[in-house]
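These notes are about the structure you will find just below.
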Amino acid sequence: MNSSGSKRTLWHNARLATLAGDQPWGWLPQGALITEGEQIVWVGEASQLSPELSASIAQQRDLGGAVVTPGLIDCHTHLVYGGSRAHEFELRLQGASYEEIARAGGGIRSSVAATREAGEHELYALAAQRLQTLLAEGVTTIEVKSGYGLSQAAEAKMLRVARRLAGLGLEVRTTYLGAHALPPEYQGRPDAYVKALCDWLPELKREGLVDAVDAFCEGIGFTPAQTRQVFEAARALELPVKLHAEQLSDQGGTQLACEFGALSCDHLEYLGEAGIRALQASGTVAVLLPGAYYFLRETKLPPVQALREAGVPIAIATDHNPGTSPTLSLLLMLNMACTLFRLTPEEALRGVTQHAARALGLADRGQLVAGQRADFCIWDIAHPNELAYYFGRNPLRHTVRGGQLRN
């Protein structure tokens, strides 16, 4: 027992992908780690465990040679919404354009109508069911955006539901995405809507519902000038910002977001050289979303090699949403990040751990090192590269969240 009297657990007979240090993967082939409460207090080769540390251990868990990685982090989702847009998927396959579907009442407006109509209990039940699928693959932290309410009451409803999801045993970061689309009651009045959504923000923050603020800066979304207004409102409340940027065209949104010290810029298929330089200078994370790229059958690849050469941290996320990325598999996104975007398996894993944590402004997770949260996954695999290699297989044995074995 250690001097503080709290219990320490030794997790041993493991192969650790710590994602720390100079070795590829931070690989410790005969590794062990010690947890105390919700924290990791020691990580290393089992042979380096000192007699003093050994004496402080209250219980041991033999992992039977399993691979251990940091807990997975899904840093971009739209998990709370009502309805389904499966019919639109069929229409697109039959040749209908996004604009034609939207004019017929589909698109984001369809999700807005269904979300506004649904009660909080229904929205929670739907989101919790989706989240259980992600939890079963080792997700220990998730970001959930609003943006299908587009009124103060409906946005608050979505954010309250997102907060409730933390009761399922993981950390949930909430992002206000009022600047997602123009609601029908503001048709033809985008500037008036931007003013309104900025006016809602102080109350949403007072209610404790907002961790960050996002916007969709795009030709079919909001202009850079309108996005700046949103970011200024966020900065006045000392809230960090994120941005859906350069998904369909280069609007210069990345440079704008970096000017505000954005946590992340997400999508980035049309990111140009000026945007890459801005990311490099600001330390903002580039979040790539292969699910949306795949589902929309895009052909314009994000500039991965240029991001690499600039040293920009790259994260990966599901972008789970009903219209453009209805996936509930972060493991599948690892494979797609490699096959579609040509990331290495190690880059992909860092993208859903180390860099995903940074994209959420969380410095206490994403690697297996002393002082970090004891969030980690125990896998029935021989090497962590298998997480990106397989698709349609879930080799998770157990998840540990906050030092507690969850399954």
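All values below come from the heavy atoms of this structure, side chains included, with hydrogens, waters and symmetry mates left out. Quick caveat: nothing in here was measured; it's all calculated off a predicted structure.
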Single hit among Tyr390, Tyr389, Trp27 for ring pair (Phe, Tyr, Trp, His ring centres under 6.0 Å) with His383: Trp27

statement: Here the side-chain hydrogen bond (donor to acceptor under 3.5 Å, both in side chains) pairs for residues 286-301, sequence neighbours left out, are none

- prompt: Without hydrogens or angle criteria, can the side chains of Glu346 and Asn385 be said to hold a donor-acceptor pair below 3.5 Å?
  reply: no

message: Looking at Lys195 and Asp199, is any side-chain nitrogen of the basic one under 4.0 Å from a carboxylate oxygen of the acidic one?
response: yes

- prompt: Do Val43 and Leu28 touch side chain to side chain, with heavy atoms closer than 4.5 Å?
  reply: yes

Close side-chain approach of Gln247 and Leu268, heavy atoms under 4.5 Å: no

- prompt: Does the side chain of Gln280 come under 3.5 Å of the side chain of Arg277 through a donor N or O and an acceptor N or O?
  reply: no

field: Close side-chain approach of Phe260 to Leu243, heavy-atom, < 4.5 Å
entry: no

query: Do the non-hydrogen side-chain atoms of Arg173 and Leu362 ever get within less than 4.5 Å of each other?
result: yes

message: Between Leu328 and Thr318, does the side-chain contact (heavy atoms from CB on, under 4.5 Å) criterion hold? Intermediate values first, please.
response: CA-CA 7 Å; Leu328 286 166; Thr318 62; over 6 Å; no

field: With sequence neighbours excluded, residues passing ring-ring contact (aromatic ring centres under 6.0 Å, His included) with Tyr176
entry: none

task: State plainly whether the residues Arg397 and Asp380 are in salt-bridge range, i.e. N to O under 4.0 Å.
output: yes

Extract all donor-acceptor atom pairs below 3.5 Å that involve side chains of residues 77-86 and protein atoms in other chains or at least two apart in sequence.
unit_1	atom_1	unit_2	atom_2	d
Thr77	OG1	Glu143	O	2.6
His78	NE2	His76	NE2	3.2
His78	NE2	Asp319	OD1	3.3
Tyr81	OH	Arg130	NE	3.3
Tyr81	OH	His320	NE2	2.8
Ser84	OG	Ala86	N	3.2
Arg85	NE	Glu88	OE1	3.2
Arg85	NE	Gly107	O	3.4
Arg85	NH1	Ser111	OG	3.1

field: Pair Arg308 + Glu347: basic N to acidic O under 4.0 Å
entry: yes

- request: Give the minimum heavy-atom separation between Pro183 and Arg116, together with the two atoms involved.
  value: CB-NH2, 3.6 Å

